[in-house]
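Atoms within each ligand, like the ligands themselves, are counted from 1 in listed order. Since this is a predicted model, take the numbers as computed values, not measurements.
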Amino acid sequence: MFIVFIGPPGAGKGTQAQQLVDLLGIPHVSTGDLLRQAISDGTDLGKSASAYMQAGKLVPDELVLGIIGERLEDPALAKGCLFDGFPRNVDQAKALDGLLTARGTPLDMVLEIQVDSDELVRRLLARKRPDDTPETISHRLEVYTNETAPVLQHYADQGLLKTVDGQGTPEDVFQRIRQCVE
Ligand code: ADP
């Protein structure tokens with residue numbers, strides 16, 4: 001099963017994604033994690049991506065699609081995976097549609113976690129990641145509204161979108177996610 005997991009920064013996606021891949025037994029593909037790994041490995045990709053990430057901007061599609069294309073060659077992903085933090089704009093979504101359709105394994109479902117913006121800012125300021133400063137947070141939320149929210153419409157048009165309320169305890173949220181996938 002190929003699932004896309006979408007939600008604004010601070011929606012608790014990372015925690016929920018981990019539980020969901022454990023439940024479904026599929027690999028977790030987080031572009032944020034892959035990019036952070038590239039930075040800590042000191043690769044060329046990491047060097048190119050880091051300034052964008054520090055500024056809370058999207059890393060260019062060409063770089064992100066490169067890592068996704070490479071990741072999808074892994075035989076462990078033959079039957080499915082959970083995409084987390086990808087696609088983040090409509091061009092990335094169309095590219096992913098193309099990649100998966102060419103393999104004969106189209107997306108099965110897109111899960112959106114919804115959390116209101118005051119709560120998001122509160123949660124993000126409580127974390128300690130280097131790109132969680134007040135300036136980058138507000139920029140990342142803006143990028144989400146402008147670039148990522150249209151991806152939801154793209155998938156709603158394909159009848160793939162399911163929306164989950166992300167407020168409440170992590171356990172509450174996971175119960176809701178479970179109901180969507182079962
Ligand atoms: P969050 O959801 O909290 O913003 P992520 O780990 O998903 O955290 O992303 C962190 C940063 O990595 C983003 O702000 C962006 O700079 C970069 N990034 C991650 N995924 C993508 C993507 N699909 N396209 C472009 N940039 C990305």
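Residue contacts with ligand 1, taken as heavy atom pairs separated by less than 4.0 Å, involve Leu35 solely via side-chain atoms from C-beta onward. Proximity of Leu58 to ligand 1, defined as any heavy-atom pair under 4.0 Å, is shared by backbone and side chain alike.
Considering only non-hydrogen protein atoms, atom 5 (P) of ligand 1 sits nearest to Arg88 NH2, 3.5 Å. At the shortest separation from atom 8 (O) of ligand 1 among protein heavy atoms lies Arg129 NH2, 3.2 Å. Atom 20 (N) of ligand 1 has Thr31 OG1, 2.7 Å as its closest protein atom, hydrogens excluded (heavy atom only). At the shortest separation from atom 26 (N) of ligand 1 among protein heavy atoms lies Val59 N, 3.0 Å. The protein heavy atom nearest to atom 12 (O) of ligand 1 is Met53 CE, 3.3 Å.
Close N/O approach between Arg127 and ligand 1 is found [any backbone or side-chain N/O within under 3.5 Å]. At under 3.5 Å, not a single nitrogen or oxygen of Ser30, backbone or side chain, sits near a nitrogen or oxygen of ligand 1. Any N or O atom pair closer than 3.5 Å counts here, and Asp33 shares no such pair with ligand 1. At a 3.5 angstrom cut-off on N or O pairs, Phe86 does not count as close to ligand 1. Between Gly10 and ligand 1, no pair of N/O atoms sits closer than 3.5 Å.
Cluster annotation: Val4 is not connected to Val173 through the hydrophobic network of ILVMFWY side chains, with a link wherever side-chain heavy atoms come within less than 4.5 Å.
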Compile the donor-acceptor pairs under 3.5 Å between side chains in residues 66-81 and protein atoms, sequence neighbours left out, one pair per line.
unit_1	atom_1	unit_2	atom_2	d
Arg71	NH1	Asp74	OD2	3.0
Asp74	OD1	Ala76	N	2.8

Side-chain polar contacts of residues 119-127 - donor-acceptor pairs under 3.5 angstrom, sequence neighbours left out - could you list them?
unit_1	atom_1	unit_2	atom_2	d
Glu119	OE1	Arg122	NH2	2.6
Glu119	OE2	Arg123	NE	2.9
Arg123	NH1	Gly10	O	3.2
Arg123	NH1	Ala11	O	3.3
Arg123	NH2	Gly166	O	3.1
Arg127	NE	Asp132	OD2	2.8
Arg127	NH2	Asp132	OD1	3.3
Arg127	NH2	Asp132	OD2	3.3

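Counting the atoms of ligand 1 from 1 in the order shown, those under 4.0 Å from a heavy atom of Arg36 are 6 (O), 10 (C). Using a 4.0 Å cut-off to heavy atoms of Gln92, the atoms of ligand 1 that qualify are 22 (C), 23 (N), 24 (N), 25 (C). In the vicinity of Pro9, heavy-atom distances shorter than 4.0 Å reach the ligand 1 atoms 1 (P), 2 (O), 3 (O), 4 (O). Per-residue contacts place Lys57 under 4.0 angstrom from the following atoms of ligand 1 (heavy atoms of the residue considered): 15 (C), 16 (O). The contact set between ligand 1 and Arg140, taken as ligand atoms under 4.0 Å from a residue heavy atom, comprises 1 (P), 3 (O), 4 (O), 14 (O). Residue contact check: Lys13 has heavy atoms under 4.0 Å from atoms 2 (O) of ligand 1.
Looking at Gln92, its side chain does come within 3.5 Å of a backbone N or O of Arg88 through a donor-acceptor pair. The closest donor-acceptor contact from the side chain of Thr101 to the backbone of Gly98 lies at 3.5 Å or more, if one exists at all. A donor-acceptor distance shorter than 3.5 angstrom exists from the side chain of Asn89 to the backbone of Asp91, with no hydrogens or angles considered. No side-chain donor-acceptor contact under 3.5 Å links Asn146 to the backbone of Val143.
Contact check on Lys94 versus Asp97 returns no salt bridge, with no Lys/Arg side-chain nitrogen under 4.0 Å from an Asp/Glu carboxylate oxygen.
Here OG1 of Thr105 is found 5.0 Å from CG of Leu100. Values are rounded to the nearest 0.5 Å. Taking OG1 from Thr163 and CG from Leu111, the interatomic distance works out to 8.5 Å, rounded to the nearest 0.5 Å.
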